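Contents: one structure, followed by commentary.
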Amino acid sequence: MIKNTIQWRKEFEIDKLVEQDLGDDLEKVVFMHGYDRDGHPVCYNVYGEFQNKELYQKAFSDEDKRMKFLRWRIQFLERSIRKLDFSPGGISTIFQVNDLHNSPGPGKRELRLATKKALQLLQDNYPEFVAKQVFINVPWWYLAFYTMISPFMTQRTKSKFVIAGPAKTAETLFKYISPEQVPIQYGGLSVDFCDCNPEFSTDDPVTEITVKPGTKQTVEITNFETCVLVWEIRVVGWEVSYGAEFVPDAKDNYTVIIQKAKKMAPRDEPVVCHSFKVGEVGKVLLTVDNPTSKKKKLLYRFKVKPFSD
């Protein structure tokens with residue numbers, strides 16, 4: 001196998017390929033973002049981008065274009081591999097996430113041919129560079145497609161597969177990737193390429209809580225000094241009510257309503273950010289009321305900043 005891979009790399013001119021400029025048309029299709037819980041870099045493959053007919057035609061409409069797409073994908077993989085740590089105990093594999101939301105179905109012959117060819121090539125020449133293959137937002141037709149391509153995969157390759165439907169996407173990702181590392185569009189709190197919330201980064205850990213059906217969950221943040229408390233909170237998929245208040249320790253002082261209880265719908269902003277100037281000892285209470293028959297994943301994190309007039 002090693003001999004065949006060496007020959008393939010020579011024929012494919014891998015070292016030259018890595019240095020070539022193949023354009024940036026596909027940067028939204030495949031991108032690196034964050035790390036999993038074991039430190040593996042995470043690569044996202046967003047097949048729904050191929051709903052764009054112009055992009056689909058540019059990538060798959062004939063054999064030459066399919067080969068160019070394959071070369072671009074191999075280039076991306078090679079560049080990612082060269083950033084891995086192959087020293088003893090180092091991280092030498094990549095965690096792959098495959099998003100099938102709005103992905104063109106198996107009826108697309110061109111995509112089917114490209115997928116089959118890419119799968120065989122990656123399996124033959126890069127078998128040990130994948131830590132896990134997680135498929136999310138998996139539609140009903142994928143199981144039939146998987147059955148069709150399964151004979152072309154080794155048992156070792158199949159053992160790395162994890163498949164999750166739309167309702168289980170965030171929950172499945174959180175098993176392997178901390179929420180602060182998961183992009184916001186997949187249920188996490190990580191925002192890339194923008195300064196939407198400069199208060200937090202992937203270095204700020206997130207607390208996860210499961211809110212049971214028909215129950216209310218209260219998060220208590222105690223303050224022992226004057227400060228500015230900053231937090232962000234998210235319930236994946238919302239369909240809950242959220243409110244926040246400050247309760248002073250002094251019995252004669254009044255509770256301050258920071259956010260009146262509000263019903264949050266799935267279409268609302270996925271993450272709510274708040275700050276509150278704390279002028280006395282007390283606690284901030286974040287309350288989530290889940291009236292649905294489904295359990296909900298609550299995510300939050302906070303920072304204490306110096307108080308200044």
Side-chain angles (χ1 to χ4, degrees), residues 27-49 76 80 83-84 91 93-103 130-139 142 160-211 217 219 230-240 242 264-274 286 288 290 294-303:
E27 63 180 6
K28 291 184 179 180
V29 176
V30 183
F31 61 90
M32 304 297 293
H33 188 111
Y35 299 86
D36 74 358
R37 294 182 185 272
D38 295 322
H40 301 101
V42 181
C43 177
Y44 290 84
N45 303 272
V46 189
Y47 292 96
E49 291 292 327
F76 186 93
S80 300
K83 296 177 183 178
L84 297 174
I91 300 297
T93 53
I94 299 171
F95 189 103
Q96 296 275 353
V97 177
N98 303 279
D99 179 12
L100 300 184
H101 178 64
N102 285 335
S103 173
V130 176
K132 188 74 70 176
Q133 286 272 16
V134 177
F135 292 80
I136 58 174
N137 291 313
V138 174
Y142 178 77
K160 298 179 180 181
F161 279 31
V162 176
I163 298 175
K168 296 287 187 179
T169 286
E171 180 181 338
T172 300
L173 288 180
F174 294 161
K175 288 180 181 178
Y176 305 100
I177 310 170
S178 299
E180 62 268 22
Q181 296 281 346
V182 175
I184 200 166
Q185 64 267 36
Y186 295 123
L189 293 180
S190 179
V191 181
D192 205 359
F193 308 122
C194 101
D195 296 322
C196 304
N197 189 3
E199 297 289 353
F200 296 96
S201 71
T202 54
D203 294 328
D204 299 306
V206 173
T207 299
E208 303 175 52
I209 299 175
T210 297
V211 185
Q217 180 73 46
V219 174
V230 182
W231 69 91
E232 60 180 5
I233 184 169
R234 174 177 198 171
V235 175
V236 180
W238 290 113
E239 297 181 311
V240 301
Y242 159 68
M264 305 294 292
R267 64 179 179 276
D268 288 330
E269 284 293 321
V271 180
V272 171
C273 305
H274 274 137
L286 312 179
V288 171
N290 177 18
K294 299 175 288 186
K295 64 181 180 180
K296 294 286 184 176
K297 183 65 72 174
L298 163 63
L299 311 173
Y300 76 93
R301 56 184 169 180
F302 67 91
K303 279 185 176 181

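Computed from heavy atoms alone, side chains included, the values below leave out hydrogens, waters and symmetry copies. Along the sequence shown, the residues carry numbers beginning at 1. Computed from a prediction, not measured in an experiment: that's the story for all the values here.
The minimum heavy-atom distance linking Pro266 with Gly237 is given by the pair CG-O, 3.5 Å. Contact detail for Ile91 and Leu84: the closest heavy-atom pair is O-CB, 3.6 Å. The heavy-atom pair separating Arg234 from Gly188 by the smallest distance is NH1-O, 2.7 Å. The two atoms that bring Gln181 and Ser190 nearest to each other are C-CB, 3.9 Å, heavy atoms only. Between Lys296 and Asn290, the shortest heavy-atom distance links the atoms CG-ND2, 3.6 Å. Contact record, Leu100 with Pro139: CB-CD, 3.8 Å, taken as the closest heavy-atom pair.
Side-chain contact between Val235 and Met264: absent, with no pair of heavy atoms (C-beta onward) separated by less than 4.5 Å. Side-chain contact between Val288 and Ile233 is present, with heavy atoms from C-beta onward closer than 4.5 Å. The side-chain heavy atoms of Tyr300 and Ile209, taken from C-beta on, include a pair separated by under 4.5 Å. Residues Asp99 and Tyr186 meet the side-chain proximity criterion, which asks for heavy atoms closer than 4.5 Å. At a threshold of 4.5 Å between non-hydrogen side-chain atoms, the residues Phe76 and Cys43 count as touching. Counting heavy atoms from C-beta outward, Leu286 and Trp231 have side chains that approach closer than 4.5 Å. Contact annotation: the side chain of Val219 never approaches that of Phe302 to less than 4.5 Å [non-hydrogen atoms, C-beta and beyond]. For the pair Phe31 and Val46, the minimum side-chain heavy-atom distance is below 4.5 Å.
Legend: residues meeting side chain to side chain donor-acceptor pair (under 3.5 Å) with Thr93, ordered by chain and number and at least two apart, are His40. Remark: Gln96 pairs with Asn45 by the side chain to side chain donor-acceptor pair (under 3.5 Å) rule, at least two apart or across chains. Residues that satisfy the side chain to side chain donor-acceptor pair (under 3.5 Å) test with Thr210, not counting sequence neighbours, are Lys297. Partners of Lys160 under the side chain to side chain donor-acceptor pair (under 3.5 Å) rule, at least two apart in sequence or in another chain, do not exist in this structure. Residues satisfying the salt bridge (charged side-chain N to carboxylate O under 4.0 Å, His left out) test with Lys28, not counting sequence neighbours, are none.
Ring pair His33/Tyr44 is perpendicular by interplanar angle, where above 60° counts as perpendicular and below 30° as parallel.
In this structure, CD on Glu180 lies 8.0 Å from CG on Leu189, to the nearest 0.5 angstrom. Within the model, atoms NE2 of His101 and CD of Glu49 stand 10.5 Å from one another, a figure rounded to the nearest 0.5 Å. The CE atom of Met32 sits 5.0 Å away from the CD1 atom of Ile94 when rounded to the nearest 0.5 Å. To the nearest 0.5 angstrom, Leu173 atom CG is 5.0 Å from Ile136 atom CD1. Rounded to the nearest 0.5 angstrom, Leu298 CG and Trp238 CH2 are separated by 8.0 Å.
Pairs passing the side-chain hydrogen bond (donor to acceptor under 3.5 Å, both in side chains) check and including a residue from residues 164-179, sequence neighbours excluded, read Arg37-Ser178, Asn137-Thr169.
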**OP:** May I have the step-by-step check of side chain to side chain contact (heavy atoms under 4.5 Å, CB included) for Val230 and Phe200, ending in yes or no?
**Re:** CA-CA 9 Å; Val230 182; Phe200 296 96; 4.0 Å; yes

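Within a 6.0 Å sphere centred on NE2 of His274, other residues, nucleotides and ligands contribute more than 12 heavy atoms.
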